[in-house]
Asks: 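Starting off with a structure, shown below.
Residue numbering restarts at 1 for every chain, and letters A, B, ... go by the order of the sequence lines. Because only heavy atoms are used, hydrogens play no part in the values below, and waters and symmetry mates are left out as well, while side chains stay in.
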Amino acid sequence: MPELPEVETVRLGLERSIVGKKITGIEVFHSRATNPKSIAPLDSLTGSKILSVNRRGKFLWMQLNRPEVLLAHLGMSGQFLVREKRSAPEKHLRVRINLNSKDFEVRFIDQRTFGWLSVDQSNAGIPNSAAHIALDIFDPNFNRESVKRDLLNRKTEIKRALLNQEIMSGVGNIYADESLWLAKIHPERECSGLTNGELDRLLDSAAAVMRAALKVGGTSFDEQYKNVNGESGYFDIELSAYGQDGEACSRCGSEIRRIAFANRSSHFCPKCQVKRESKRGIKRK
DNA sequence: AAAGTCTCCTGCTTGC
DNA sequence: TGCAAGCAGGAGACTT
């Protein structure tokens, strides 16, 4: 599942291979691959030159030598692959971006079809459809104090807030669980009940976990994520919480538990991540 | 307005 | 064996 480190890995890969190339045509093979909000057919970008590949949170876009950008989101299973033109089409090939290269092309492959591409207007370098997305923790303009203030004003569980891309972007279910485990914070703690120290620890943890994943090119647990060379995803990131229910916590040995959460699940260590009374910091158990 | 729920989708896993 | 239900989740529409 592509979260910030995976999307950044894809961005880096695309940047290395396609900046400076010209789009010579875009073929769309599945109706859901074009976001309904797209202001024009993808193929209308034919003739434009790719100036840069940018990212905010999990949103990815190509800046072109025209006002419009080519915006993309990988959703659950989207992949961008730089492939030899003559190589066989993948089973879930949704979009082909032809370039002025005799050797390769860019393919968007997506099994679960939650990913999409669109043509969008941009304002001050940010696509309109990504304008509501908050800065991610690696953005040079990321304002930690302002994010902490925002969190302290929320009457919701910290796990939900971490997944809310309008507070801080880039974190999905996997890195949310990993960050909370590293910071020793229970996913169901109310945001407004967290201390300044806990918030700092949590943000430090999120940055550390994602930086480590980025260092090895993004993590993955099935074949849904690949870098642009198509190298399949099993990198040596060791998960401490996500998907580890029934396993021993690597810190204390307790059994990692899984609880239902908003149509999905949270994984945490019941001993390391204790739910406290919000005001006084008294352990309930 | 904030917070919570539902929906889109495919393929794998589980259970009868 | 076969079929159906369950499960996974990003983000936006929708409801409370």
Asks: Separation of A:K37 atom NZ from C:dG10 atom C1', in whole Å?
Replies: 13 Å
Asks: Between P on B:dT10 and CZ on A:R112, what's the gap in Å once rounded to a whole number?
Replies: 11 Å
Asks: Please check the phosphate of C:dA8 (OP1 and OP2 only) for any side-chain N or O of A:S265 closer than 4.0 Å.
Replies: yes
Asks: Between A:Y242 and C:dG9, does any side-chain N or O lie under 4.0 Å from OP1 or OP2?
Replies: yes
Asks: Can you tell me if A:K91 touches the phosphate of B:dG11, counting only side-chain N or O atoms and a distance under 4.0 Å to OP1 or OP2?
Replies: yes
Asks: Check the phosphate of B:dG4 against A:T156, side-chain N and O only, distance under 4.0 Å to OP1 or OP2. Yes or no?
Replies: yes
Asks: Measure CG/A:L117 against P/C:dG10 and give the value in whole Å, please.
Replies: 19 Å
Asks: Nearest whole angstrom, please: distance from the P of B:dC9 to the CZ of A:R32.
Replies: 5 Å
Asks: Measure from the side chain of A:H73, starting at C-beta and using heavy atoms only, and say which of C:dA8, B:dG11, C:dA11 lies closest.
Replies: C:dA11
Asks: Tell me the interatomic distance from A:L163, atom CG, to C:dG10, atom C1', rounded to whole angstroms.
Replies: 9 Å
Asks: Using modelled atom types only, decide if a donor and an acceptor are shared between the side chain of A:R112 and the backbone of A:M76 within a distance under 3.5 Å.
Replies: no
Asks: Ignoring hydrogens and angles, tell me if any N or O in the side chain of A:E84 forms a donor-acceptor pair with the backbone of A:D103 under 3.5 Å.
Replies: no
Asks: Quickly work out the A:N164 CG to B:dT5 P distance and round it to whole Å.
Replies: 15 Å
Asks: Here's a test of your reading of the structure: between A:R154 and A:N263, which maps to the more 5' nucleotide of DNA chain B?
Replies: A:R154
Asks: Would you mind reporting whether A:E15 and A:S52 have side-chain heavy atoms less than 4.5 Å apart?
Replies: no
Asks: What do the steps show when you test A:D120 against A:S118 for side chain to side chain donor-acceptor pair (under 3.5 Å), and what is the final call?
Replies: CA-CA 6 Å; A:D120 202 6; A:S118 73; 5.1 Å; no
Asks: Categorize A:F261 for me: base, sugar-phosphate, or nothing, with a 4.0 angstrom heavy-atom threshold over every strand shown.
Replies: nothing
Asks: For the pair made of CZ in A:R94 and C1' in B:dC8, what is the distance, rounded to whole Å?
Replies: 13 Å
Asks: OP1 or OP2 of C:dA11 sitting under 4.0 Å from any side-chain N/O of A:Q165?
Replies: yes
Asks: Does the side chain of A:K155 get closer than 4.0 angstrom to OP1 or OP2 of B:dA2 through an N or O atom?
Replies: no
Asks: Measure from the ring centre of A:F114 to the centre of the six-membered ring in the base of C:dA11, then say whether that distance is under 5.5 Å and the planes meet at under 30°.
Replies: no
Asks: Once you round it to whole Å, what is the distance between C1' of C:dG10 and OH of A:Y175?
Replies: 15 Å
Asks: Does any donor-acceptor pair link the side chain of A:R160 with the base of B:dA3 at a separation under 3.5 Å?
Replies: no
Asks: For A:F108 and A:F80, take the angle between the two ring planes, folded into 0 to 90°, and tell me which bin it lands in: parallel under 30, tilted 30 to 60, perpendicular over 60.
Replies: tilted
Asks: Which is true for A:H132 with a 4.0 Å heavy-atom rule: it touches a base, it touches only sugar-phosphate, or it touches nothing?
Replies: sugar-phosphate
